[in-house]
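These figures come from a predicted structure and were not determined experimentally.
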Amino acid sequence: MSSAGDGEDGGGAAADTMVLEITDAAASPSSAPPPPPIPVSALAAPLPSPTVLAVRADRSRLIESSSYFRALLGGSFSESGSGYVRISCDLAAAVQVLRYLFEPPASFAISHHNFLPLLEGALFLAVESLLVDCERWFRTVRSRNPSMVVPLDFIIEAWYFAPKHGVTFVEDVCPGYLAQNFVQVISSRSFVHIPYDLLCSTIESPHLTVDSEKQLCEAILSWVSASRQSCEQSVSNSADNQLSLLSKVRVCLLPLGFAAGTKRNCFEFGNNAVCMILNLLKDSLQTLLHTVTDDNLDSYRIRLTEYSKKIVLSGCPQLTTQFLYISALPTDLDAVFKRTIVSDVNDGCLNHYNGLVKKAKTLSFRNVRIVDLSKCPNVHFGAVILWMKWTFPELRTFIASYCLLFQFEDLQCLLLRCPWINEINLSIDTSVILSKYSIISSRSEVRRDVNRNLSSYYMQSGLYGTSGNPVFSNISKLILEGRNDITDMNLLEISMLKSSLCYINIKHCTLLTDDGISTLLLNCRKMHSMVLSYTSFGNHSIQTLCSLDPSDSFSYHKDEHAHVMAFRLQELHLEGCEGISCAAMSQLVSNMNIVKSLCLRETSLADGALCNFVGSSLEYLDISETVVSMVSLAPVIRRNSNLSCLKTAGCRNLLFEQGEVQSTSGNKYGRFLQEITSTCYLEDVEMGWAFCPVRVDDLIPSFSKVRRMTVGLGTTLPENILHALPEICPFLESLVLRFQVISDRVVRNLLESSTNLQVLCLHYCLGNLTSFSFQTMAPALRILRLQWVTPWITNDDLTILTQNCNLVELLLSGCKLLDSSSQEIISSGWPNLACLQLEECGQITLDGVDSILDCKALEEVLLRHTGRGIGRTIITDAIRELPLLRKLALDLCDASEGGYDTPNVPEGKMMRSVRMSRCKKSVAAARSCFGEASSSSSNRKPVQHRETIVLEWSSRQLTTTVVEERL
């Protein structure tokens with residue numbers, strides 16, 4: 001870029017100065033005189049006219065820099081000797097070129113704002129140096145930090161510009177740039193406007209970076225849907241483009257539930273994807289071996305690039321360890337070596353494979369920070385840990401939720417092999433058996449399908465038990481929720497993480513004792529966040545939390561509470577912890593000053609304890625099912641203005657005007673609603689007793705940010721409030737109503753006006769609902785629970801529901817008009833259904849459950865009192881046909897042969913629990929669920945269940961429990 005002046009400095013320079021009049025080529029001819037000339041230095045300011053411009057410029061510089069001006073001003077044209085020259089071109093482009101030529105480099109730079117005008121001007125005026133600079137800048141954009149540095153709109157505009165002007169380097173750069181930034185690209189509103197050829201080239205790029213194959217498929221389907229709605233393409237072209245784009249998806253890597261869901265709008269694609277996934281589940285090894293022979297492994301490779309940051313494979317039961325390893329192998333390996341590796345990745349060849357990996361020089365992806373293998377039951381985690389060690393040396397977060405066979409020894413191995421990881425999530429479904437239930441009998445047996453521990457990849461206990469081992473210094477967050485086979489000894493081994501562990505979730509780890517938890521807290525003094533719900537956490541652990549910390553770093557703090565561990569707690573969840581005395585609860589609460597998230601649901605919390613709470617940082621508070629009253633709650637609400645979640649369901653004492661500690665506290669307080677609306681802007685509420693709004697204005701504006709709302713027993717919201725909920729809570733995503741009076745007007749308005757509503761649950765509600773309520777589109781709705789509110793539902797109503805919403809969870813109770821045809825309507829209408837619960841629903845299962853088993857994405861199924869046609873092998877059949885199934889609940893009254901077979905070793909590895917309920921009078925009345933046989937079926941009365949048989953699998957054993965209650 002030249003730094004020459006504008007021709008006004010000095011007499012010699014002035015002699016070579018000329019006036020260049022530029023008229024915008026797109027403007028209409030005008031007889032108006034041109035504006036007075038301005039110097040080049042004034043071009044950075046707003047132009048005096050949008051259509052014509054006169055500028056004084058150095059003739060020599062123009063001739064030197066531009067072939068166009070060299071020919072115009074230095075040749076035989078009449079303009080060559082003139083001091084006033086007129087040209088017609090794009091005015092904005094010409095201005096940018098002149099600025100490039102005459103402004104100092106420090107004050108002018110190429111950016112996405114001026115790139116296209118500069119390029120167009122450089123092409124028209126033949127400024128060779130500018131063309132070189134434009135190409136250099138554009139190519140540099142891709143090589144910068146791999147995150148979107150220019151807007152997608154600019155890339156699209158440049159793509160359209162390039163072929164019109166014969167610019168080839170734009171077409172070279174754009175696909176690769178979008179490919180490496182694809183995760184950011186698809187989040188842009190302009191994504192659906194990407195031209196087909198650009199999108200196609202992007203997907204074909206070897207640099208295409210996505211978190212998962214599902215993410216790519218979703219993006220393509222979104223683009224296809226928008227393309228159908230536009231008028232830019234013919235119907236035939238649109239269909240061809242759709243098939244071409246979808247053919248680039250590696251369907252064998254799609255989550256089963258997502259693949260099934262695509263059948264709603266792209267049946268052929270979705271059906272083929274589901275069939276391929278199910279075939280892989282039968283024998284993926286032979287499929288991969290044949291693919292190696294045909295040299296066609298690419299369609300089975302996980303997309304890993306140097307730009308990958310996250311790998312999400314959640315929900316892929318077809319995924320085996322072989323898929324992981326072939327994705328990290330160099331592509332130039334010969335077929336024999338690849339076949340050897342694919343064959344040897346099994347439970348017995350880890351040592352051999354370790355050597356093969358070193359020989360193959362497995363690729364390393366240093367930018368990957370997160371790996372998610374949730375709901376992938378068919379990978380061998382010993383081999384997975386080796387894979388992550390070799391492939392992701394900078395991995396920070398590992399997620400393996402709902403992987404039941406991930407054992408504690410695997411966790412130990414992970415900590416040793418991948419010490420750079422700092423977050424681990426191994427949560428599974430929590431046990432359905434709580435301490436409050438009456439257990440009649442219980443027995444356990446070892447699972448016969450448990451993998452033996454392999455010394456080749458498990459660590460030596462001596463190494464793991466070394467106190468202060470620095471190899472474990474990075475683990476800060478550990479989630480073990482639901483793992484009720486974790487013992488106190490395991491917790492003691494976890495204590496080795498004492499130098500780094502800050503967050504632990506051991507919710508529903510029922511084998512842990514109060515002493516075991518206390519020992520963990522005693523060792524891990526850096527802990528500030530704990531989820532301990534439904535454990536034996538009790539007085540001993542509280543004493544540990546509230547005792548002086550000998551390693552305390554807060555010795556200088558003025559507050560005496562700062563010297564105890566409880567003072568530093570930021571999150572504490574104790575839901576269902578029944579072993580806490582009132583005195584211990586009061587001691588604990590009085591020491592928590594900076595806690596942000598506090599759950600004391602179903603505990604001994606009372607006014608005396610809550611009045612001792614002086615914290616002012618709360619954002620989440622759950623005191624449901626406790627005996628607190630407004631005398632203690634009101635001061636807490638007033639002090640915590642950042643409170644966004646408040647749950648008080650089941651707190652009957654909130655109705656009382658006086659509490660047991662009023663005389664000592666001296667607090668003055670208003671009604672519950674008055675307190676929360678004067679202080680808080682809530683986002684999540686769960687309320688019942690004392691929540692009694694009458695006017696819409698009572699909830700505005702304090703409820704204007706609410707996204708999740710549950711209203712239950714203890715209050716009845718008036719119809720004007722229910723009808724105005726979309727106005728009161730414009731961002732509402734989830735609504736649960738229990739024991740409320742509802743109407744067609746209310747429900748219809750919710751579905752029509754709450755455009756973000758994803759969850760609608762109506763439990764035991766009164767009112768005269770009809771089918772009119774659900775005869776409206778609700779595209780955002782995903783979860784629908786109708787419990788004893790819609791007895792009139794017919795197959796026609798179900799069909800309308802399938803057309804109006806795309807559900808992943810459906811619960812129906814008391815819909816006695818449904819029959820066996822309802823199964824087909826449900827399975828074909830919602831192929832991606834993950835949870836199906838049907839209770840007292842006519843004769844849906846009278847002819848068996850074949851159509852229900854066609855819902856391949858099901859993870860949870862409950863069938864009770866739905867027709868006596870369920871075969872004896874239902875448990876085995878369900879596990880075999882539904883690869884993601886984790887929970888199954890049945891009723892012995894529905895058994896066509898009097899009972900069900902219960903396997904010890906399920907074919908599927910995800911099954912967590914099976915529940916079978918029995919009725920009091922199952923022998924009488926031909927094994928029905930009703931009382932004595934009656935001449936009229938309408939006179940039958942349902943009876944309570946006598947007991948429930950629960951089969952519950954853990955990582956090591958099967959436990960069979962008989963519970964007195966119905967679960």
Subject >> side chain to side chain contact (heavy atoms under 4.5 Å, CB included) evaluation trace for Leu178 with Leu152 >> reply: CA-CA 8 Å; Leu178 294 186; Leu152 179 57; 3.7 Å; yes
**OP:** For side chain to side chain contact (heavy atoms under 4.5 Å, CB included), just list the numbers for Leu208 and Ile203, CA-CA rounded to whole Å, side-chain angles, deciding distance to a tenth of an Å, and then say yes or no.
**Re:** CA-CA 6 Å; Leu208 180 64; Ile203 296 173; 4.2 Å; yes
**OP:** Start with the C-alpha distance between Cys174 and Phe138, add both sets of side-chain angles, then the distance that settles side chain to side chain contact (heavy atoms under 4.5 Å, CB included), and finish with yes or no.
**Re:** CA-CA 9 Å; Cys174 285; Phe138 199 75; 3.8 Å; yes
Original post:
Can you check side chain to side chain contact (heavy atoms under 4.5 Å, CB included) on Met388 and Val371, steps first, answer last?
Top reply: CA-CA 9 Å; Met388 293 193 300; Val371 170; 4.2 Å; yes
**OP:** Show the numbers, then the answer: is there a side chain to side chain donor-acceptor pair (under 3.5 Å) between Ser284 and Gln322?
**Re:** CA-CA 9 Å; Ser284 63; Gln322 287 90 347; 5.1 Å; no
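The closest side-chain heavy-atom distance from Val170 to Tyr160 is not below 4.5 Å. Residues Phe365 and Ser308 fail the side-chain proximity criterion, which asks for heavy atoms closer than 4.5 Å. Proximity of Ile220 to Leu216: side-chain heavy atoms (C-beta onward) are separated by under 4.5 Å at one or more points. Put simply, the side chain of Leu123 reaches to within 4.5 Å of the side chain of Val167, judged on heavy atoms. Using a 4.5 Å heavy-atom threshold, the side chains of Phe258 and Asn832 count as separate. Contact check for Val132 versus Trp137: no side-chain heavy atoms found under the 4.5 Å cut-off. Within the 4.5 Å cutoff, the side chain of Val185 has no heavy atoms near those of the Ile155 side chain. Within the 4.5 Å cutoff, side-chain heavy atoms of Leu313 are placed close to those of Ile302.
Although no hydrogens or angles enter the test, the distance criterion places a donor-acceptor pair under 3.5 Å between the side chain of Thr262 and the main chain of Ala259. Between the Thr320 side chain and the Gln318 main chain, no donor and acceptor come within less than 3.5 Å of each other. Without hydrogens or angle criteria, Thr202 side chain to Leu198 main chain gives a donor-acceptor distance under 3.5 Å. Side chain of Glu120 to main chain of Leu116: no donor-acceptor pair is present (N/O by atom type, distance under 3.5 Å, no hydrogens or angles). Arg250 contributes a side-chain N or O that, together with a main-chain N or O of Asp298, makes up a donor-acceptor pair within less than 3.5 Å. Using a distance-only test at 3.5 Å, with no hydrogens or angles considered, a donor-acceptor pair links the side chain of Arg70 to the main chain of Glu64. Judged purely by atom type and a 3.5 angstrom limit, Ser190 has no side-chain atom pairing as donor or acceptor with the backbone of His193. One N or O on the side chain of Ser212 and one on the backbone of Gln215 form a donor-acceptor pair closer than 3.5 Å.
Distance check: Met18 CE to Ile63 CD1 gives 8.5 Å after rounding to the nearest 0.5 Å. Separating the NZ atom in Lys309 from the CZ atom in Arg366 is a distance of 16.0 Å, to the nearest 0.5 Å. How far OG of Ser327 is from CZ of Arg303: 11.0 Å, rounded to the nearest 0.5 Å. With values rounded to the nearest 0.5 angstrom, Leu53 atom CG is found 6.0 Å from Leu43 atom CG. Considering NZ of Lys310 and CD1 of Ile399, their distance stands at 8.0 Å, rounded to 0.5 Å. Taking CG of Asn367 as the start and OG of Ser364 as the end, the distance is 9.5 Å to the nearest 0.5 Å.
By the side chain to side chain contact (heavy atoms under 4.5 Å, CB included) test, Asp24 pairs with Ala26, Ala27, Leu91, sequence neighbours left out. Scored by the side-chain hydrogen bond (donor to acceptor under 3.5 Å, both in side chains) test, His112 finds no partners at all (sequence neighbours excluded).
Across all their heavy atoms, Asn114 and Ala109 have their closest contact at ND2-O, 3.0 Å. Here the closest non-hydrogen pair linking Arg61 and Phe102 is CG-CE2, 3.5 Å. The two residues Pro330 and Arg301 make their nearest non-hydrogen contact at O-NH2, 4.0 Å. Residues Thr755 and Ala780 come closest through the heavy atom pair O-CB, 3.4 Å. Across all non-hydrogen atoms, the minimal contact from Val55 to Pro39 is CG2-C, 4.0 Å. Nearest heavy atom pair, residue Cys316 against residue Leu253, reads SG-O, 3.6 Å.
Ring to ring, Trp387 and Phe392 are close: their centroids are under 6.0 angstrom apart.
For the residue pair Gln180 and Thr305, no side-chain donor N or O sits within less than 3.5 Å of a side-chain acceptor on the partner. Inspection of the Asn181 and Tyr307 side chains reveals no N or O donor paired with an N or O acceptor under 3.5 Å. Counted by atom type alone, Arg228 and Ser225 present zero donor-acceptor pairs between their side chains at under 3.5 Å.
Looking at Arg396 and Glu423, no side-chain N of the basic residue comes within less than 4.0 Å of a carboxylate O on the acidic one, giving no salt bridge. Between Asp172 and Arg139 there is a salt bridge, with a side-chain nitrogen of the basic residue lying less than 4.0 Å from a carboxylate oxygen of the acidic one.
Between Phe154 and Phe115, the two ring planes are perpendicular [angle over 60°; tilted spans 30° to 60°]. Ring-plane geometry between Trp223 and Tyr196 is classed as tilted, the angle between the planes lying from 30 to 60 degrees on a 0 to 90 degree scale.
Under a cutoff of 6.0 Å and an axis angle of 45°, Arg707 and Phe731 form a cation-pi pair.
Enclosure of atom CD in Glu268 is not indicated, since only 12 or fewer non-hydrogen atoms of other residues, nucleotides or ligands lie within 6.0 angstrom. No more than 12 heavy atoms of other residues, nucleotides or ligands lie within 6.0 Å of NZ in Lys705, so this atom counts as exposed by the packing criterion.
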